[in-house]
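Below, read A as the first sequence line, B as the second, and so on, with proteins coming before strands; counting in each chain starts at 1.
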Protein chains: 2
Amino acid sequence: MELTDRQKQILRAIVDIYVSTAEPVGSKAIAALPDMKFSSATIRNEMADLTQMGLLEQPHTSAGRIPSPAGYRLYIDELMQDYRLSLDETRSLNEALELKSQEFDKMMSQVGKLVSKMTNLPAYTVATRQSEAVARHFDLIMTAPGSIILVLMLSGDVVKNKLVKLPVQVTEPELKLLAAVLNASLTDLTAEEITGELLDKITRSAGAAAPLVPLVVDFTLECLRQQHGDVHLTGQMRLLGQPEYRDAAEKAQEVFETLDEEMISNLPAVLPKEGPVQFLVGPENVAKELKDTSVVMMRFDIGDGMQGTIGVVGPTRMDYAKITAKLGYFAENLGRMFQKSNPAMPPALSDGESNP
Amino acid sequence: MELTDRQKQILRAIVDIYVSTAEPVGSKAIAALPDMKFSSATIRNEMADLTQMGLLEQPHTSAGRIPSPAGYRLYIDELMQDYRLSLDETRSLNEALELKSQEFDKMMSQVGKLVSKMTNLPAYTVATRQSEAVARHFDLIMTAPGSIILVLMLSGDVVKNKLVKLPVQVTEPELKLLAAVLNASLTDLTAEEITGELLDKITRSAGAAAPLVPLVVDFTLECLRQQHGDVHLTGQMRLLGQPEYRDAAEKAQEVFETLDEEMISNLPAVLPKEGPVQFLVGPENVAKELKDTSVVMMRFDIGDGMQGTIGVVGPTRMDYAKITAKLGYFAENLGRMFQKSNPAMPPALSDGESNP
DNA sequence: ATTAGCACTCAGAAAGAAAGAGTGCTAAGC
DNA sequence: GCTTAGCACTCTTTCTTTCTGAGTGCTAAT
């Protein structure tokens with residue numbers, strides 16, 4: 001059953017208003033809108049129809065209407081109008097984007113904090129591997145007699161390190177030898193390509209440092225098999241700024257007990273559609289604790305087989321258009337930053353007028 | 001004015017009860033305590049005195065008493081009795097302590113999560129340098145033509161890395177040369193010992209890779225000068241589990257707006273006393289937003305010039321004894337783990353009764 | 001010095017009353 | 001036949017009022 005233009009217009013108006021007020025919207029408020037040419041009575045009739053269709057809900061008889069999850073979904077898929085960032089908003093986004101370029105993980109975490117701040121909602125970031133990971137470089141550095149640090153560089157410019165306590169005494173040259181062997185034989189291989197045979201060969205070539213091989217290899221395999229980087233979730237408290245959680249601290253707590261890091265990294269699996277922006281609206285989340293919670297996700301390109309995801313968590317009544325616009329801006333610029341690698345530069349924009 | 005034994009006993013009882021019930025404590029409840037040999041009337045008199053002295057407060061005339069900040073302070077300093085961890089508690093702490101040994105930062109963050117979970121309160125961890133940092137090892141790894149990763153190992157087994165976009169074309173051997181030069185001349189020096197002269201010398205020796213030198217050195221100096229590692233703050237939401245914040249989401253939000261990472265790393269500066277455990281009780285926090293919030297901090301040894309701090313954030317009415325006991329257990333075992341380096345092992349403890 | 005007894009206070013719960021926003025329906029208008 | 005004005009009705013919200021009970025502080029007795 002197709003909606004008439006008028007119905008669409010009304011539904012859109014209801015979502016728009018409800019999103020910003022968090023109060024049920026009455027027919028009068030709609031009728032008062034500048035480009036609404038009908039009386040409140042007509043609108044009441046249409047609202048009754050939309051409720052019938054399951055796109056609106058009524059908290060109680062004498063209240064206005066609020067969008068149902070289906071209503072939000074329709075709004076997102078068809079009705080939502082691009083939100084244009086104001087100059088002020090663009091400017092503060094740009095300022096924020098001046099991240100210090102640093103370790104990858106720290107950057108991701110900083111991006112999360114930024115997004116959370118700019119949207120005033122909890123946000124997360126994850127990096128996900130697109131292609132099979134391979135090791136690019138091994139390094140073994142002795143820190144004290146008996147302990148070394150293993151530095152492992154993977155595709156995607158990911159650097160991992162681990163402090164290893166040595167099972168045997170090893171000298172510097174022996175360590176160098178092992179590193180050379182590892183770099184010669186274990187780089188550019190995916191986890192599957194690292195066979196037992198190969199390991200035997202490496203162990204034989206490793207000389208005195210042979211007992212170290214399994215330690216190094218296990219760590220390497222573990223790293224190679226990791227599909228996701230760390231999940232950086234921040235700004236949880238900002239959920240409390242939303243009226244629906246203001247006096248429902250318990251609910252807010254539940255949300256983040258459910259939406260832990262594991263769940264977040266599995267989110268893409270339950271997505272209804274593909275695309276760079278994705279929405280999980282209220283009950284589309286499987287967990288019942290999240291039935292009033294929505295997530296907006298945006299992908300961005302990191303390059304070298306990695307992909308980043310930024311997500312924003314909020315009440316079902318959230319400003320999808322605005323959040324999408326802001327996330328989009330982030331994604332675009334982050335993609336650019338990461339691809340060009342450092343130095344990180346937000347798009348050139350002389351932050352006043354530019355001279356002729 | 002010294003307290004009588006009976007007054008001490010009553011004050012201690014009030015804190016103990018209030019801490020666990022979060023309700024004002026009446027004279028009757030105290031009198032009902034097994035080892036309380038006096039009638040409620042007597043206790044009422046003593047309570048009036050204690051109130052006079054500023055150690056107790058009365059939310060309103062017809063309510064019981066609650067400890068004042070000064071009361072808590074006295075309790076902490078003199079009255080608090082060691083909380084004995086139950087076998088169950090020890091066991092779950094031990095289970096929790098089986099951290100996967102991994103990157104330092106990740107471990108610290110995991111410790112924070114753990115402490116937060118075990119105390120059911122927000123927690124943070126920081127690593128602080130005790131002695132001057134020096135670089136231990138440099139590594140330059142080419143990831144793609146035009147970009148390299150700089151891996152820097154510092155004292156304290158801290159590994160930093162940074163993706164560097166090259167200003168000039170450099171070949172592998174040139175990179176190797178630079179790394180060798182850096183390792184030869186820049187290691188084991190504190191930030192102050194790295195002089196302009198020295199840098200000139202390095203630049204001259206660096207050959208084609210000379211333009212890279214300032215990039216590397218700047219990053220190195222930045223790392224060396226960092227007094228604190230990252231602050232890992234987690235479990236903020238758990239503050240909402242506390243009755244005083246249950247219906248005061250706003251207050252909880254304020255707490256963490258104020259208690260940001262910067263403030264946390266400066267906390268030690270405002271401490272009233274020295275020692276491995278430290279308490280910041282309610283209004284002893286300078287920020288007025290934190291006047292109902294306490295922090296318990298515990299130091300632990302990491303070795304190699306580094307020191308860790310675990311902190312727990314809670315309402316002023318928090319179970320100082322229990323938290324202290326748990327933190328102490330963590331600190332002790334973490335200290336042991338970090339010093340021995342990996343593999344991380346919680347103390348051997350046959351998790352039942354030990355045989356004679 | 002301690003305690004029983006009692007009048008008094010005051011927050012919080014429960015119950016009732018009033019206000020107001022918004023609906024659905026009916027009947028009139030274009 | 002679609003649209004709209006009018007109106008009775010519903011139901012939340014808010015404000016009062018009343019009631020209850022825990023707890024105190026004081027006085028007088030032990």
Side-chain angles (χ1 to χ4, degrees), chain A residues 2-11 13-15 17-18 20-68 71 243-244 246-248, chain B residues 2-11 13-15 17-18 20-33 35-68 71 243-244 246-248 317:
Chain A
E2 201 34 47
L3 293 187
T4 66
D5 278 353
R6 191 167 69 189
Q7 286 174 326
K8 286 185 188 172
Q9 192 189 2
I10 291 173
L11 177 55
I14 291 177
V15 175
I17 296 178
Y18 182 59
S20 67
T21 62
E23 301 286 339
V25 183
S27 53
K28 230 169 165 179
I30 302 282
L33 251 40
D35 56 348
M36 188 60 64
K37 298 280 182 284
F38 307 93
S39 74
S40 66
T42 310
I43 291 170
R44 270 203 294 285
N45 287 329
E46 294 285 31
M47 281 163 85
D49 288 353
L50 289 168
T51 308
Q52 190 76 34
M53 297 182 209
L55 297 172
L56 295 179
E57 289 176 351
Q58 214 169 0
H60 54 264
T61 349
S62 71
R65 301 299 209 291
I66 63 175
S68 73
E244 27 275 272
R246 185 126 279 235
D247 297 309
Chain B
E2 202 31 50
L3 293 187
T4 66
D5 279 354
R6 191 167 70 190
Q7 286 174 327
K8 286 185 188 171
Q9 193 189 2
I10 291 172
L11 177 55
I14 290 176
V15 175
I17 296 177
Y18 181 59
S20 67
T21 62
E23 299 287 339
V25 184
S27 54
K28 229 169 167 177
I30 302 282
L33 252 38
D35 57 348
M36 191 59 65
K37 298 279 181 287
F38 308 92
S39 75
S40 66
T42 310
I43 291 169
R44 269 203 295 286
N45 287 328
E46 294 285 32
M47 281 163 85
D49 288 354
L50 289 167
T51 308
Q52 190 76 35
M53 296 183 211
L55 298 172
L56 295 180
E57 290 176 351
Q58 214 169 0
H60 55 262
T61 348
S62 72
R65 300 300 210 290
I66 63 175
S68 74
E244 27 274 272
R246 187 124 280 234
D247 298 309
R317 171 203 63 76

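One can place CZ of Arg65(B) at 14 Å from P of dC10(C), the figure rounded to the nearest angstrom. Rounded to a whole Å, the CE atom of Met47(B) is 16 Å from the P atom of dT2(C). Distance, Ile14(A) CD1 to dG22(C) P: 12 Å, rounded to whole Å. If you take CD of Glu57(B) and C1' of dG23(D), they are 17 Å apart, rounded to a whole angstrom. With rounding to whole Å, Ile10(A) atom CD1 is found 12 Å from dT23(C) atom P. Rounded to whole Å, atom P of dC8(C) lies 19 Å from atom NE2 of His60(B). A straight line from CG of Asp247(A) to C1' of dT13(D) spans 14 Å, rounded to a whole angstrom. The CD1 atom of Ile17(B) sits 16 Å away from the P atom of dA22(D) (whole-angstrom rounding).
Two residues are said to be in side-chain contact when any heavy atoms from C-beta on lie closer than 4.5 Å; Glu46(A) and Asp49(A) meet this criterion. Taking 4.5 Å as the limit, some side-chain heavy atom of Glu57(B) sits within range of a side-chain heavy atom of Ile66(B). Arg6(B) places a side-chain heavy atom less than 4.5 Å from the side chain of Thr42(B). Val25(B) places none of its side-chain heavy atoms less than 4.5 Å from the side chain of Met47(B). Between Ile14(B) and Leu55(B), the closest side-chain pair of non-hydrogen atoms is not below 4.5 Å.
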Classify every nucleotide of nucleotides 2-8 of chain D by which part a protein heavy atom approaches to under 4.0 Å, writing B for the base, S for the sugar-phosphate alone and - for neither, in 5'-to-3' order.
-SBBB--
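Annotation: of the two residues near DNA chain C, Ser62(A) and Thr61(B), the 5′-most nearest-nucleotide partner is Thr61(B).
We find that Lys8(A) and Glu2(A) are joined by a salt bridge, their nearest charged nitrogen and carboxylate oxygen being less than 4.0 Å apart.
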